[in-house]
Amino acid sequence: MDDSLLQPHDPYASLRISSYRWYILSTFTMTLAAQIQGVVVSWQIYDITRDPLSLGLMGLAEALPYISIALFAGHVADRRDRRRISLSSLALLVVCSVSLLLLSLLASPRADSAMHRGVWPFYVVIFLSGIARSFLQPARQALGAEIVPRELYPNAVAWRSSTWQTAAVAGPALGGLLYGFTSPSFAYAVDAALMIVALFAFAAIAYVPRGQRANESSVSESLRTGIHFVLREPVLLGAMTLDLFSVLLGGAEALLPVFADQILNAGPEGLGILRAAPAAGATLMSLYLAHQRPFRRAGRALLNSVAVFAVCIIGFGLSKSFLLSLVLLAISGMADNVSVVVRSTLLQVLTPEHLLGRVSSVNAIFIGSSNELGAFESGVAARFLGTVTSVVLGGVASLSVVGIVARRIPSLRRLGAIERARRDL
C-alpha cells in the first residue's frame with residue numbers, strides 16, 4: 001500500500017509557508033483588480049461601439065503580444081531572477097491600471113460622446129497589459145513551484161486556484177456594481193489600488209532560487225528545449241491541447257456584454273454577476289478539492305470535466321432565463337476548475353525545476369492565450385453567425401474535441417493518481 005495513504009491529510013499544508021501566503025495574497029489582489037478592469041473596459045467599449053466584434057478585438061489586442069513574447073518570457077524566467085521579473089511585470093500592470101483611470105477621467109466631462117476620438121487608447125493599454133502578463137505568467141508560476149515542496153504541489157495548486165477563483169467571483173460583481181452605481185473612474189481607481197497591493201505583497205516573498213538554471217548556448221536552443229519537453233510528454237501535451245480548444249471554441253465570456261444587454265436585459269450590474277458566476281462555481285469546487293486527496297483517476301476526471309463544461313456552454317447559448325444562465329455558468333466554472341487543477345498539477349509534477357519557466361510559457365500559449373483568442377473568435381463568429389449561434393456551435397465543437405483527445409491519447413484517458421507520476425526527469 002502507498003505510504004502516503006496512511007498519512008493524515010493536511011488541507012492547509014501549503015498555507016503554513018509564509019512566502020506562499022504572500023504569494024496567495026498577491027494573486028488574489030491582482031486577480032481582483034484584473035477582473036474589475038475587465039468588466040469596466042468591456043462594457044465601456046461595447047457601450048461606445050455597440051458591436052460584438054469590438055469585444056473580440058479586445059481579446060486580440062491582449063493575445064497578440066502575449067503569444068509573440070510568451071516563449072521568450074519563459075526563457076527569461078529560467079535564466080533570470082523570477083521574483084524580479086514578476087515585480088517588473090506587476091509594476092507595468094499598475095501603470096496600465098493608472099492609464100485607464102486617466103483615460104476615464106479625461107472622457108468623463110463628455111460622457112455623452114463616449115470618447116469621440118475612439119476606443120484605440122483602450123486597446124493600446126490592453127496591448128501593454130498583454131506584454132506584462134506574458135512575462136508575469138511563467139515567472140510567477142515557476143516561482144510558486146519553488147517556494148513549496150514538491151509533495152505539496154497538489155495542495156498548493158488547489159489553494160492557488162481557490163484564491164484565483166474567489167477573486168474572479170468578487171471582481172466582476174464588484175466591477176459591475178462600481179460601474180453601475182458610481183463611475184468608471186472610481187472603478188479604475190479601485191483597480192489601481194488593488195494592483196499596487198499585489199505588487200507590494202509579491203515584494204514581501206522571501207525567495208531564494210533553487211534548482212539548476214538553464215545553460216543552453218542560445219535563446220533558440222533554450223526555447224527548443226522547452227517545446228521538445230512538452231512534445232515528449234503526451235499526457236501533458238494532451239491536457240494542454242484539450243484545454244486550448246475547449247476554451248478557444250467554447251468561450252462565451254467575451255460575449256457576455258451582448259447577452260446582458262440584448263438577450264437577458266440585465267445591464268452592467270447583471271454583466272458583473274454573469275462574469276462572476278463561473279468563478280463562483282470554480283471557487284466552490286476548488287475549496288472542495290483543497291480538502292480532498294488528489295484524484296485517483298485524474299485522466300478520466302479531466303476528460304469528464306471538459307465535457308461538462310462544453311454542455312453547459314451549449315445550454316447557456318440557448319438560455320433566455322437570467323437565473324438558468326447563472327446556474328449553467330456556475331456549473332461550467334466547477335467543471336473548468338477540475339481541468340485547471342489536474343493540468344496545473346501535471347505541469348508542476350512532471351517538469352524539472354530548471355525547465356519550469358519555459359514549460360510554463362508553452363502552457364501559457366496553449367492556455368493563457370486561448371482565452372483572448374477565444375474572445376476574438378467569439379466576436380468574429382457573433383458578427384457573422386449571430387451571438388447565440390456562435391456560442392452553441394462553439395460548445396458543440398468543444399465537446400467534439402473531448403472525444404478526439406480521449407481517442408488519440410489513450411495515456412491521458414488512463415492516467416491515474418498524479419502524485420505517483422515521475423518526479424525527476
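Please read these numbers as outputs of a predicted model, since none were measured by experiment.
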Is the shortest side-chain heavy-atom distance between [X] and [Y] below 4.5 Å?
X	Y	value
Y188	L102	no
T27	Y23	yes
S89	R133	no

Practice item. For side-chain contact (heavy atoms from CB on, under 4.5 Å), just list the numbers for S398 and V306, CA-CA rounded to whole Å, side-chain angles, deciding distance to a tenth of an Å, and then say yes or no. Key: CA-CA 8 Å; S398 297; V306 178; 5.8 Å; no
Any donor-acceptor pair under 3.5 Å linking the side chain of [X] with the backbone of [Y]?
X	Y	answer
R160	I24	no
S86	R82	yes
R83	L143	no
S305	L302	yes
S97	A192	no
S332	L329	yes
T29	S26	yes

Roughly how far apart are [X] [atom1] and [Y] [atom2], rounded to 0.5 Å?
X	Y	atom1	atom2	result
I196	L93	CD1	CG	12.0 Å
L323	L328	CG	CG	9.5 Å
Q37	D191	CD	CG	4.5 Å
S19	F202	OG	CZ	10.0 Å
L256	I273	CG	CD1	12.0 Å
R140	M30	CZ	CE	4.5 Å

Restricting to non-hydrogen atoms, name the atom on [X] and the atom on [Y] that form the minimum distance, rounded to 0.1 Å.
X	Y	answer
S14	V148	CB-CG1, 4.5 Å
L274	A260	CD1-CB, 4.1 Å
L303	A406	CD1-CB, 3.9 Å
G38	S42	O-OG, 2.9 Å
L194	L32	CD1-CD2, 3.6 Å
A167	Q35	O-CG, 4.2 Å

Check your understanding: Does a sphere of radius 6.0 Å around CZ in R21 hold more than 12 heavy atoms from other residues, nucleotides or ligands, not counting ones at 6.0 Å or beyond?
Key -> yes
Check your understanding: Should we say atom OH of Y123 is surrounded by more than 12 heavy atoms from elsewhere, each under 6.0 Å from it?
Key -> yes
Point to revise | Which residues share a salt bridge (Lys or Arg N to Asp or Glu O under 4.0 Å) with R84, sequence neighbours left out | key: none
Exercise for review: Determine, using ring centers only, whether W159 and Y20 are less than 6.0 Å apart.
Suggested key: no
Please list every donor-acceptor pair under 3.5 Å in which a side-chain atom of residues 171-179 meets a protein atom from a residue at least two apart or in another chain.
none

Point to revise | Side-chain donor-acceptor pair present, S325, S319, cut-off under 3.5 Å | key: yes
Give every donor-acceptor pair under 3.5 Å between a side-chain atom in residues 308-318 and any protein atom, sequence neighbours left out.
none

